[in-house]
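Single-structure report; data block below.
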Number of protein chains: 2
Amino acid sequence: MVEKKTIKLDDVAKLAGVSKTTVSRVLNNRGYLSDKTIKKVHDAMDELNYRPNVIARQLFKQKTNLVALVFPTVDNPFFAELEAELEKRFDQLGYRVLMGNSQNNPAKEQDYLKLLLNHQVDGLIVGSHNQGISEYQKTTRPIVSIERFVGKQIPVVSSDNYQGGLLAVQRLLNDGCKHIIHTNYPINLVSPNELRQQAYEDLMNKHHRKPITYSVSFDVSDEEKERVFRKMFQEHPEVDGIFADNDTNASLIIRVGKEFNRHVPDDLKVVGYDGANITRTLSPELTTIQQPIPEMATKAVELLLQLINGKTDVKSVTLPVRMINSTTA
Amino acid sequence: MVEKKTIKLDDVAKLAGVSKTTVSRVLNNRGYLSDKTIKKVHDAMDELNYRPNVIARQLFKQKTNLVALVFPTVDNPFFAELEAELEKRFDQLGYRVLMGNSQNNPAKEQDYLKLLLNHQVDGLIVGSHNQGISEYQKTTRPIVSIERFVGKQIPVVSSDNYQGGLLAVQRLLNDGCKHIIHTNYPINLVSPNELRQQAYEDLMNKHHRKPITYSVSFDVSDEEKERVFRKMFQEHPEVDGIFADNDTNASLIIRVGKEFNRHVPDDLKVVGYDGANITRTLSPELTTIQQPIPEMATKAVELLLQLINGKTDVKSVTLPVRMINSTTA
DNA sequence: GTGAAAGCGCTAACAA
DNA sequence: TTGTTAGCGCTTTCAC
């Protein structure tokens with residue numbers, strides 16, 4: 001293979017008959033330059049088809065204009081929409097975005113954290129669900145978390161999970177449901193998920209009903225999830241309302257319900273959670289709680305940029321959710 | 001704000017009482033080193049909480065171990081699954097992945113191409129749908145395209161679109177459909193989409209039926225798409241079978257069909273295209289043509305790595321599709 | 001208006 | 001087994 005020599009700034013300088021400094025100035029529109037010089041330099045650049053080496057610039061500036069998004073996977077309507085919205089905003093601000101699919105694997109999450117510490121990215125947005133990663137405590141570099149408690153000093157952008165839980169359960173109660181079950185993922189200390197759970201339990205207790213919860217891990221196969229839901233219908237044939245922790249599970253529950261001859265919404269009502277666009281297109285019948293994904297993205301980007309720019313008192317924020325009324329409840 | 005001085009290799013060297021070279025060797029496990037030295041260096045690193053600066057290393061090596069994925073958006077089941085699969089594979093090979101959502105905007109696509117030319121990434125996977133970006137012709141750097149013809153010298157990984165078209169249309173014919181319509185996105189020269197169209201037309205002609213196609217742009221709102229589909233039902237009330245160019249459109253068509261009192265599959269049969277996992281979870285009833293997303297990802301990664309490693313005769317590949325039988329056709 | 005020179009943090013010949 | 005030195009390609013003070 002023919003090794004093409006890389007054209008560097010110095011080559012341009014020589015061809016144009018000026019110094020490296022001048023070429024650099026032309027490149028960055030900085031300082032005083034005569035039109036004649038600018039033209040000469042541009043001509044030389046064109047002739048050589050010069051491409052500045054961004055890495056060299058990054059080394060000097062100690063800044064990469066890169067951020068990483070650490071989420072379990074992008075192959076999920078909520079995360080896909082969130083990451084797309086984040087990318088759109090970062091792009092406008094001149095930042096490139098690294099995809100960090102952690103698969104909920106702590107080791108992978110730690111790898112991405114290292115990127116940050118190794119100065120390969122300027123900041124991190126984390127929305128993964130692993131706990132106990134000690135590096136988060138040690139670093140003072142820019143990190144913003146979404147829907148997840150990571151460490152004292154790391155700001156969190158979340159939607160109002162307690163309110164979301166109330167809306168969902170209240171809807172089922174209003175619909176006349178007597179036996180409402182909640183599905184969630186295994187609760188751990190780092191997730192605001194527990195606020196939905198809390199809202200469910202508070203409202204159930206207030207209405208003197210016994211809260212029943214089934215946990216489904218986030219990252220197992222659909223088949224595995226369906227097994228859990230089958231068990232749920234078997235153990236609780238009286239169930240007439242379900243508050244699912246996400247829309248995918250709501251879909252699966254409706255499907256499994258059919259196996260038990262439950263027709264939605266006549267003899268089973270289901271409220272989902274997330275309300276991503278894709279889900280609403282593919283499952284328009286689903287009644288669900290919509291998280292304000294675009295606003296969450298906007299806020300997370302805003303906070304991360306504050307951190308990158310050296311601001312220290314960056315505050316966590318909670319954004320309101322809303323109910324999407326459709327036909328499953 | 002307290003400016004923390006960055007710890008560099010030299011600081012470690014001084015503390016450990018050795019040279020930079022030695023520290024670098026310890027860092028990279030290269031060359032001969034006495035255990036004692038290794039320990040000293042590690043101790044110094046720990047004490048200073050040293051983090052190597054990856055950018056400096058990249059500058060020296062002229063390699064970033066970064067690749068960019070240029071697709072219209074990640075917020076779509078097909079692209080989300082494809083990008084997730086690509087990321088998984090690249091990660092295992094030590095490559096990080098940049099998300100390049102082009103929104104089908106040629107300017108954005110060109111920006112990402114520049115990343116490659118500016119040596120910020122080692123390679124590019126493109127699956128966006130813009131044509132006429134001349135840079136593709138000029139560069140000899142590593143690019144692999146997915147489901148898209150980009151330039152003579154750029155290898156393409158695609159699924160068998162002609163076969164997919166045949167399967168879909170044949171299914172509708174077998175189901176007894178007499179008036180089959182195909183929806184696609186506006187055909188341009190760079191898309192293998194036209195092969196599906198071709199299969200549809202060939203099969204229709206063979207059965208002496210008139211092919212009718214409605215085009216829906218990829219990146220307009222669901223509302224806009226539904227408008228087109230309404231028009232379709234109005235202009236062709238006789239339609240009894242639809243071969244949609246993707247599952248989302250299939251979903252929308254089924255929904256719009258309901259407005260016209262068409263019940264699927266009794267008086268309207270619909271076959272979708274893509275068969276991504278999310279879609280199958282959220283719309284399990286959909287009969288569709290499944291693209292082999294994981295295999296496409298595997299192949300694309302394989303080809304890109306060959307290019308990155310200097311191989312020149314990298315060949316395009318076509319992978320088989322299969323039918324997912326469900327209840328909409 | 002322009003240039004010389006130092007240096008961003010790391011690696012790898014080449015020496016010792 | 002370890003150290004010296006010269007870059008990787010760019011930017012920026014400081015001098016003219």
Side-chain angles (χ1 to χ4, degrees), chain A residues 3-42 44-45 48-66 114-122, chain B residues 3-42 44-45 48-66 114-122:
Chain A
E3 260 317 314
K4 270 201 204 162
K5 191 173 126 316
T6 16
I7 310 294
K8 49 183 137 178
L9 196 133
D10 207 23
D11 300 318
V12 177
K14 280 193 185 108
L15 182 63
V18 297
S19 75
K20 282 164 53 177
T21 315
T22 302
V23 179
S24 173
R25 286 204 181 101
V26 173
L27 213 51
N28 299 289
N29 285 316
R30 222 191 297 290
Y32 309 99
L33 295 161
S34 72
D35 289 354
K36 207 191 295 173
T37 310
I38 294 178
K39 187 174 180 332
K40 264 195 309 190
V41 172
H42 274 139
M45 284 179 177
L48 297 171
N49 194 20
Y50 169 70
R51 300 280 165 190
N53 183 322
V54 179
I55 302 299
R57 185 179 293 166
Q58 289 176 352
L59 177 59
F60 185 89
K61 297 236 168 147
Q62 297 295 352
K63 190 157 188 328
T64 59
N65 275 42
L66 234 50
K114 265 187 208 143
L115 286 188
L116 176 66
L117 304 175
N118 290 355
H119 306 97
Q120 205 168 355
V121 301
D122 294 341
Chain B
E3 259 319 313
K4 271 203 204 159
K5 191 174 125 315
T6 17
I7 310 296
K8 48 182 137 178
L9 196 133
D10 208 21
D11 301 318
V12 177
K14 281 194 184 110
L15 183 64
V18 297
S19 76
K20 283 164 52 177
T21 315
T22 302
V23 179
S24 173
R25 286 202 182 103
V26 172
L27 214 52
N28 299 289
N29 286 315
R30 223 192 297 289
Y32 310 99
L33 295 161
S34 72
D35 289 354
K36 206 191 295 175
T37 310
I38 294 178
K39 184 172 181 335
K40 266 195 307 190
V41 172
H42 274 138
M45 283 179 177
L48 296 171
N49 193 21
Y50 168 71
R51 299 281 166 190
N53 183 322
V54 179
I55 303 298
R57 185 178 295 165
Q58 289 176 351
L59 176 60
F60 185 88
K61 297 234 169 147
Q62 298 295 352
K63 188 156 190 328
T64 58
N65 275 44
L66 235 48
K114 266 188 207 144
L115 286 187
L116 176 65
L117 304 176
N118 290 356
H119 310 278
Q120 206 169 354
V121 301
D122 295 340

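Letters A, B, ... are given to chains in the order of the sequence lines, protein chains preceding strands, and every chain is numbered from 1.
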**chain A contact limits on DNA chain D, taken 5' to 3' with a cut-off of 4.0 angstrom to heavy atoms** = D/dC8 to D/dC14
**Request:** Taking A/Gln120 for its side chain and A/Leu115 for its backbone only, find out whether a donor-acceptor pair lies under 3.5 Å.
**Result:** no
**Request:** Mark yes or no for whether A/Asn118, through its side chain, and B/Arg51, through its backbone, hold a donor-acceptor pair below 3.5 Å.
**Result:** no
Integer-rounded Å distance: [N] [atom2] and [X] [atom1]:
| X | N | atom1 | atom2 | value |
| --- | --- | --- | --- | --- |
| A/Ile55 | C/dT11 | CD1 | C1' | 16 Å |
| A/Lys40 | C/dG1 | NZ | C1' | 11 Å |
| B/Ile7 | C/dC10 | CD1 | P | 11 Å |
| A/Arg30 | C/dG3 | CZ | C1' | 17 Å |
| B/Leu59 | C/dT11 | CG | P | 11 Å |

**Request:** Answer with yes or no whether the side chains of B/Ser19 and B/Thr22 bring together a donor and an acceptor at under 3.5 Å.
**Result:** yes
**Message:** So for the helix from C/dG1-D/dC16 to C/dA16-D/dT1, with five pairs setting each end axis, what is the inter-axis angle to 10°?
**Reply:** 40°
**Prompt:** So what does B/Gln62 hit on the nucleic acid, given a heavy-atom distance under 4.0 Å: a base, only sugar-phosphate, or nothing?
**Reply:** sugar-phosphate
**Request:** Mind checking B/Leu33 for me? I need base, sugar-phosphate or nothing, with any heavy atom below 4.0 Å counting as a touch.
**Result:** sugar-phosphate
**Prompt:** In residues 15-25 of chain A, which ones come under 4.0 Å of DNA chain D, going by heavy atoms?
**Reply:** A/Lys20, A/Thr21, A/Ser24, A/Arg25
**Fill in**
For A/Gln62 and B/Asn53 the tightest heavy-atom approach is OE1-ND2, 3.4 Å
